[in-house]
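Report on one structure; see the data block that follows.
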Amino acid sequence: MADHAAQVEELLADYRRSREQLADVHRALAAISESATSPCGMVTATVSAQGALTGLDIEDGAYRRYRPAELAHVIVRTTAAADAVAARAAGHAVAPVLPSGTDPEALLRGTADLAPAEIAPPRAADPDDSFEHLTWLESDAPPPRRS
């Protein structure tokens, strides 16, 4: 009976350690806030570990230097750069609790167990794949040809 109680106590201690380690990871992830500055130095984006934009600083000169669409492009690129830094930081935060050989960044992206072909974006629609020229009513006549 004493052995059983000791085993239960050991399991509970392991559970408490695992729970505390998980809490440490959550605190580390919550503390991640990474920034990137555009090459021109006029835009700085800050993102969280989850990639949420939490700050955006745009110098006044950016409005004079860039047209709106160009400035939007600078903002998007700068935010993506900050997101990449935050993703690396998040990967480092979760790595200690993952099994060896697990890619933490792939796990956080949700792609850890997917093959590259499964991750690739779907191919663009081919205009020749259109079914516009087909009739869905029953008929013995062949569908009309597109000209």
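A quick note: this is a predicted structure, and the numbers were derived from the prediction, not measured. The figures here come from the full heavy-atom set of this structure, side chains too, leaving out hydrogens, waters and symmetry mates.
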**Study point:** Over all atoms of both residues, closest heavy-atom pair of Thr78 and Ala45
**Key:** CG2-N, 3.8 Å

Exercise for review: Treat each ILVMFWY residue as a node, draw an edge where side-chain heavy atoms are under 4.5 Å apart, and state whether Leu108 and Val85 are in one component.
Suggested key: no

Review point. Do Met42 and Ile58 sit in the same hydrophobic cluster, where Ile, Leu, Val, Met, Phe, Trp and Tyr count as joined when their side-chain heavy atoms come under 4.5 Å apart?
Key: yes

Point to revise | Pairwise side-chain contact, Thr37 with Asp57, heavy-atom cut-off 4.5 Å (strictly under) | key: no

Review point. When you look at His4 and Val8, which way does the side-chain contact (heavy atoms from CB on, under 4.5 Å) test go after all the steps?
Key: CA-CA 6 Å; His4 181 67; Val8 168; 3.9 Å; yes

Review point. How close do Glu34 and Ala89 get, heavy atom to heavy atom, and via which atoms?
Key: OE2-CB, 3.9 Å

Study note, to complete from the structure: side-chain contact (heavy atoms from CB on, under 4.5 Å) with Leu53: of Thr79, Thr46, Ile75, Asp83, only one passes, and it is Thr79

Review point. In terms of hydrophobic clustering (I, L, V, M, F, W, Y; side-chain heavy atoms under 4.5 Å; direct or indirect links), are Val94 and Leu22 co-clustered?
Key: no

Practice item. Would you kindly confirm whether Val74 and Tyr63 end up in one hydrophobic cluster when ILVMFWY residues are joined by side chain heavy atoms under 4.5 Å apart? Key: yes

Exercise for review: Find out whether Leu107 and Pro104 are in side-chain contact, i.e. whether some heavy atom of one side chain is under 4.5 Å from a heavy atom of the other.
Suggested key: no

Practice item. Could you walk me through whether Asp24 and Arg27 pass the side-chain contact (heavy atoms from CB on, under 4.5 Å) test, one step at a time? Key: CA-CA 5 Å; Asp24 289 344; Arg27 283 190 289 273; 2.3 Å; yes

Review point. Are His92 and Arg88 close enough that a side-chain donor and a side-chain acceptor fall under 3.5 Å?
Key: no

**Study point:** Glu9 bridged to Arg16 by N-O distance under 4.0 Å
**Key:** yes

Study note, to complete from the structure: What one should report as the nearest heavy-atom pair of Ala93 and Ala28 is CB-CB, 4.0 Å

Practice item. Please tell me if the side chains of Cys40 and Arg65 come closer than 4.5 Å, counting only heavy atoms from C-beta onward. Key: yes

Exercise for review: Mark yes when over 12 heavy atoms from residues, nucleotides or ligands other than Glu20 sit less than 6.0 Å from its CD; otherwise mark no.
Suggested key: yes

